[in-house]
2 protein chains.
Amino acid sequence: MQGHTATATATRTAKFPATIGLRSPMAAGMQMVLTRGEELFAEGDEAEYFYKVVSGAIRSYKLLSDGRRQIDAFHLRGDIFGLEAGSEHRFSAEAVGDVQVIAYRRSRLSAIIEQDAVFRDRIMTATLRNLQRAQDHMLLLGRKTAQEKLATFLLDMAERLSGDDEHFDLPMQRSDIADHLGLTIETVSRTLTQFTRSGLIRLPPAGRSISLCNRMALKRLDA
Amino acid sequence: MQGHTATATATRTAKFPATIGLRSPMAAGMQMVLTRGEELFAEGDEAEYFYKVVSGAIRSYKLLSDGRRQIDAFHLRGDIFGLEAGSEHRFSAEAVGDVQVIAYRRSRLSAIIEQDAVFRDRIMTATLRNLQRAQDHMLLLGRKTAQEKLATFLLDMAERLSGDDEHFDLPMQRSDIADHLGLTIETVSRTLTQFTRSGLIRLPPAGRSISLCNRMALKRLDA
DNA sequence: CGTCAGATTGATTCCCTTCAAGAAGAGTGG
DNA sequence: CCACTCTTCTTGAAGGGAATCAATCTGACG
């Protein structure tokens, strides 16, 4: 049975008004700060807000009853998430590291949408993009090998984190990667060292940074 | 390597104006009829229309370069799909059996949305629901066993096809189920006979019908 | 310096895939 | 209506990729 058993580390829920520094962009959102491991909301919570990432990374995930976890997405700067069709959140969300987000009241959404065509379009596009990412990820989860999964993941992260730079820092740890790709931490680790030995990537002994040395070869694995 | 190699069966693209019987519901869609295996659109096609299923089932899927296929969703009556963030379709769509759909011009969408609050809400809700389904499915693909996958699938299909009836007809064949659940047809077949032997389901020797005999036990496998 | 979470590496197991026949229908044409 | 064919489904045997089990190693931090 694969799947990372949910650790009981630092899962206080983010206190709301406390950390709110009110700001008012286009559509009056509230800025919040979260620290590593803090929970933004949990599956089943009332979906009072939806969110936009300002900095850092959020993991959104679902759990099975026995603790197996699937991280369906990492949300990075600019990403919008947490909007629901019903009244409850259908997944949980936590800070991967230190994170800044803006919270938007969902109750105001319809009003805002009515008035602000730009904002409306932005929300719709963001939602469709989340759906697109989900579709790509289903292909990965259902049909790719461990090597292909890691190659896809690294290329995607490189693009989103560094804008096509060779070198970047992964914000998440191995267990997060494993639970995102439908693997175990051992397989993630083994595959990465395998990539290192093949000269595809470079992993500095310390820290979470990573360099892609052979994008070509990774892309070949990707598709 | 798992994944069903795309068969070259009946994949003519649905001719458009030919089969259109113009109708005009709320937002002027065009009705179309497709037969088993017919392609509605392919990945990369210009996303001129999006669709609503009237009857039958549509499979939407992605392919890897070597033919491995992932069916990300089956769209049944009432489901809306094919709306994209960009200008191109990011997945392909085919008729599972005989299907009726309504096609909506995407270019008109912003105009319609501007005017018709009800339609707008319906589109947004449909999109969010597709996202929700995708998230549930990622959990299945990444973390569930073959038995759990089938149990989840059967319960979902029962609910969507028969409205909690015991007995219903699966519109798709084994290879579709396999490519949806990230399994092979052999594993699907074996697991179903296993369920039959355990008295969880009944599979009439002929045809695609199925009866759920022990919903409880299936639900236990599901979560 | 000791502790601890996280990462790596090795040995073994097992679930699902792959390979390989057969069986059962569905459709076709004589 | 019945051979004939083709597709789909089922079943069996064997193999493999990733999971599991089990240490060990590393850096971070008090």
Side-chain angles (χ1 to χ4, degrees), chain A residues 1-11 36-37 64 66-70 96-97 140-150 169-179 181-197 201 203-210 221, chain B residues 1-11 35-37 66-69 96-98 140-150 169-179 181-197 201 203-210 221:
Chain A
M1 193 87 17
Q2 80 263 73
H4 171 256
T5 302
T7 51
T9 43
T11 315
R36 178 187 156 85
L64 291 175
D66 64 358
R68 279 173 286 169
R69 182 178 67 158
Q70 176 63 40
V96 170
L140 177 148
L141 290 172
R143 288 304 181 204
K144 292 189 182 179
T145 65
Q147 288 202 6
E148 292 167 340
K149 285 176 177 182
L150 261 302
D169 289 314
L170 287 173
M172 72 290 291
Q173 57 190 44
R174 297 289 183 268
S175 63
D176 289 328
I177 299 175
D179 285 351
L181 301 182
L183 299 169
T184 60
I185 52 174
E186 293 94 331
T187 300
V188 170
S189 185
R190 269 187 260 271
T191 305
L192 288 179
T193 55
Q194 201 179 330
F195 281 180
T196 305
R197 280 199 243 280
I201 62 172
L203 286 176
R208 299 250 185 78
S209 76
I210 192 169
L221 277 178
Chain B
M1 193 91 11
Q2 80 263 73
H4 170 257
T5 302
T7 52
T9 44
T11 315
T35 63
R36 178 189 157 81
D66 63 358
R68 279 173 286 170
R69 181 178 67 159
V96 170
D98 292 346
L140 177 149
L141 290 172
R143 289 305 182 205
K144 291 189 182 179
T145 65
Q147 288 202 6
E148 293 168 339
K149 285 176 177 182
L150 261 302
D169 289 316
L170 287 173
M172 73 291 289
Q173 57 190 43
R174 298 289 183 268
S175 63
D176 289 328
I177 299 175
D179 286 351
L181 302 181
L183 300 169
T184 59
I185 52 174
E186 293 94 331
T187 300
V188 170
S189 184
R190 270 187 260 271
T191 305
L192 288 180
T193 56
Q194 201 179 328
F195 282 179
T196 304
R197 280 199 244 279
I201 62 173
L203 287 176
R208 300 247 183 81
S209 75
I210 192 170
L221 278 177

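Bear in mind the structure is a predicted one, so any value in this text is a computation, not a measurement. Lettering follows sequence order; numbering is per chain, from 1.
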field: Minimum heavy-atom distance A:R143-B:D179, with the two atoms named
entry: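 Distance-wise, the nearest heavy atoms are NH2-OD1, 2.7 Å.
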To the nearest Å, how far apart are [X] [atom1] and [N] [atom2]?
X: A:L203; N: D:dT26; atom1: CG; atom2: P; answer: 15 Å
X: B:L181; N: C:dC15; atom1: CG; atom2: P; answer: 19 Å
X: A:R143; N: D:dG17; atom1: CZ; atom2: C1'; answer: 15 Å
X: A:R36; N: C:dG6; atom1: CZ; atom2: P; answer: 6 Å
X: B:I185; N: C:dT17; atom1: CD1; atom2: P; answer: 11 Å
X: A:Q194; N: C:dA7; atom1: CD; atom2: P; answer: 19 Å
X: B:R68; N: C:dT17; atom1: CZ; atom2: P; answer: 13 Å
X: A:R208; N: D:dT26; atom1: CZ; atom2: P; answer: 18 Å

- prompt: Would you say the side-chain atoms of B:S189 pair up with the backbone N or O of B:I185, donor to acceptor, closer than 3.5 Å?
  reply: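 No; judged by distance alone, with no hydrogens or angles, the pair does not exist.
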message: Donor-acceptor pair, distance only, cut-off 3.5 Å: does the side chain of B:K144 make one with the backbone of B:K149?
response: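 Looks like no, no N/O pair under 3.5 Å.
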- prompt: With sugar-phosphate meaning primed atoms plus P, OP1 and OP2, does A:T193 contact a base, only sugar-phosphate, or nothing at under 4.0 Å between heavy atoms?
  reply: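 Touches sugar-phosphate only.
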Which of the following nucleotides, [options], is nearest to the side chain of [X]?
X: B:S189; options: C:dC16, D:dT8, D:dT11; value: D:dT11
X: B:T187; options: C:dG10, D:dA19, C:dT17; value: C:dT17
X: A:R190; options: C:dG10, D:dT10, D:dA19; value: C:dG10
X: B:Q173; options: D:dC9, C:dG10, D:dA13; value: D:dC9
X: B:L183; options: C:dC19, C:dC16, C:dT8; value: C:dC16
X: A:R174; options: C:dA7, D:dT11, C:dT17; value: C:dA7

task: Answer yes or no: side-chain N or O of B:Q147 and base N or O of C:dC15 forming a donor-acceptor pair under 3.5 Å.
output: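 When only heavy-atom distances are counted, B:Q147 does not reach the base of C:dC15 through any donor-acceptor pair under 3.5 Å.
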- prompt: What distance do B:R68 atom CZ and A:T145 atom OG1 have between them, rounded to the nearest 0.5 Å?
  reply: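 The distance works out to 6.5 Å.
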field: Contacts of type side-chain hydrogen bond (donor to acceptor under 3.5 Å, both in side chains), residue A:T191, not counting sequence neighbours
entry: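 None.
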message: Does D:dA18 have its OP1 or OP2 closer than 4.0 Å to a side-chain nitrogen or oxygen of A:T184?
response: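 Checking D:dA18 against A:T184, no side-chain N or O comes under 4.0 Å of OP1 or OP2.
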